[in-house]
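Just below is one structure, and these are the notes that go with it.
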Amino acid sequence: MNSTGFGDQIHSFAAELYPICRSITGNGLRETLRRIGERIPLQVHEVASGTQVFDWTVPREWNIRDAYVKNSRGDRVIDFRDSNLHVVNYSVPTQMKLSLQELKEHLHTLPDHPDWIPYRTSYYREEWGFCLSQRQLDSLLKDEYEVVIESSLEDGHLTYGECLLLGETSEEILISAHCCHPSLCNDNLSGVTVATFLAQALTSKPRRYTYRFLFIPGTIGSITWLSRNEEVVPRIKHGLVLACVGDRGAFCYKKTRRGDAEIDRAVLHLFHHSGKPYNIRDFSPYGYDERQYCSPAFNLPVGCLNRTQHGKFPEYHTSADNLDFIAPAALEETFRYCLELLEVLERNCKYRNLNPKCEPQLGKRGLYRELGGYPDSEIRELAMLWVLNLSDGENSLLDIAERSGLKFTAIFQAASDLLQHGLLGPST
Ligand code: ZN
């Protein structure tokens with residue numbers, strides 16, 4: 001894997017967002033969206049706490065200013081200012097004095113990884129707690145401790161960002177990334193940053209499809225979006241959830257609930273021809289927001305792209321999922337792969353052979369052999385023969401690529417040449 005330097009730009013955007021204490025609501029999420037909005041046209045939506053969204057209710061808004069545990073000498077032995085992972089996300093405001101024994105009931109560690117801080121949340125249960133490394137816990141002495149959590153949990157809003165890039169048609173491609181985790185990189189910032197750079201790149205490209213990028217809090221965000229946009233749903237033709245796409249592992253794609261959607265086939269095709277290791281998983285109702293997009297009433301063709309899957313790397317949901325865990329080269333490879341995938345979807349049209357009675361004479365049109373000299377001339381001829389033969393208005397270019405075993409790019413190039421020479425026309 002190589003980075004041309006472009007990966008460094010994605011990585012440094014992750015570094016910019018890394019210190020922000022995000023959650024499923026609140027100012028950290030807003031600040032993240034504000035910074036995304038400095039790079040791409042982003043509409044920010046605010047949905048009031050208490051709003052019913054299908055079977056769920058938009059929660060109260062959580063904000064935090066400071067939090068710590070002090071020993072009797074006044075030292076902050078656990079300090080939110082050192083890492084926002086130290087506080088259980090959504091901890092209710094707290095101020096009290098406790099013995100070590102009592103305090104321990106509210107402390108979370110990872111004994112197997114004694115230097116890492118776990119990431120814990122308590123969105124739907126009014127709780128408070130601190131997370132710390134096992135080593136830090138082991139160093140706490142018998143003492144009276146003062147616990148302060150300067151947070152607020154009040155009626156407010158759930159915030160999400162939406163970037164809509166209009167295309168030639170109103171048919172849409174949905175790209176979704178969750179942005180509700182605090183200082184965590186692969187699970188959260190890799191998807192957020194790659195999606196931002198993709199949207200930025202697409203703004204200057206010709207687009208057949210309309211693109212909708214969603215930057216949302218996980219689960220409640222996609223549920224909220226779906227409940228407010230049911231009329232958009234039928235226009236979504238393809239979709240991709242991006243999460244855990246910055247680590248050094250091979251790509252892993254989780255298929256849509258349908259299992260044979262065009263995006264599933266396009267991903268498989270590109271993986272197959274990439275010559276690199278990859279993993280494919282069937283749909284399961286466990287993971288990221290594809291669970292909501294693929295719920296039975298919507299059943300959208302939305303897959304999920306990861307590198308190493310959530311839960312399959314020990315750094316997952318710990319302080320070790322940091323800026324070193326994600327690599328510029330991996331972020332860049334993901335970005336380029338997504339662009340390639342979107343290009344296949346953009347170009348995957350059906351055509352009709354305008355000279356379907358036997359093969360047209362390619363030689364007199366300069367399409368045969370005269371391409372000799374190109375190292376890939378044989379492939380180009382073969383691709384033309386496949387496109388001519390299968391372009392009966394029923395087969396898409398991806399169908400032809402799959403059946404011929406040739407790369408989509410070769411099939412597309414052949415179709416472009418044939419179109420130019422008037423041998424191919426639109427399917428209808
Ligand atoms: Zn997560």
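When a ligand or atom number is given, it counts from 1 through the structure's own listing order. Scope of the values below: all heavy atoms of this structure, side chains included, with no hydrogens, waters or symmetry mates. Quick caveat, the model's predicted, so the values are computed rather than measured. Along the sequence shown, the residues carry numbers beginning at 1.
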Inspect the surroundings of CD in E231 and state if more than 12 heavy atoms from other residues, nucleotides or ligands are less than 6.0 Å away.
-> yes
Which N/O/S atom belongs to D187 and is the closest one to the Zn ion (ligand 1)?
-> OD2
Angle subtended at the Zn ion (ligand 1) by NE2 of H317 and NE2 of H181, to 10 degrees?
-> 110°
Does any N, O or S atom of H178, backbone or side chain, fall under 2.8 Å from the Zn ion (ligand 1)?
-> no
For the ring pair F325 and F313, is the centre-to-centre distance below 6.0 Å?
-> yes
Donor on one side chain, acceptor on other, Q292 and W225, under 3.5 Å = no
Are H45 and Y160 close enough that their ring centers fall under 6.0 Å?
-> yes
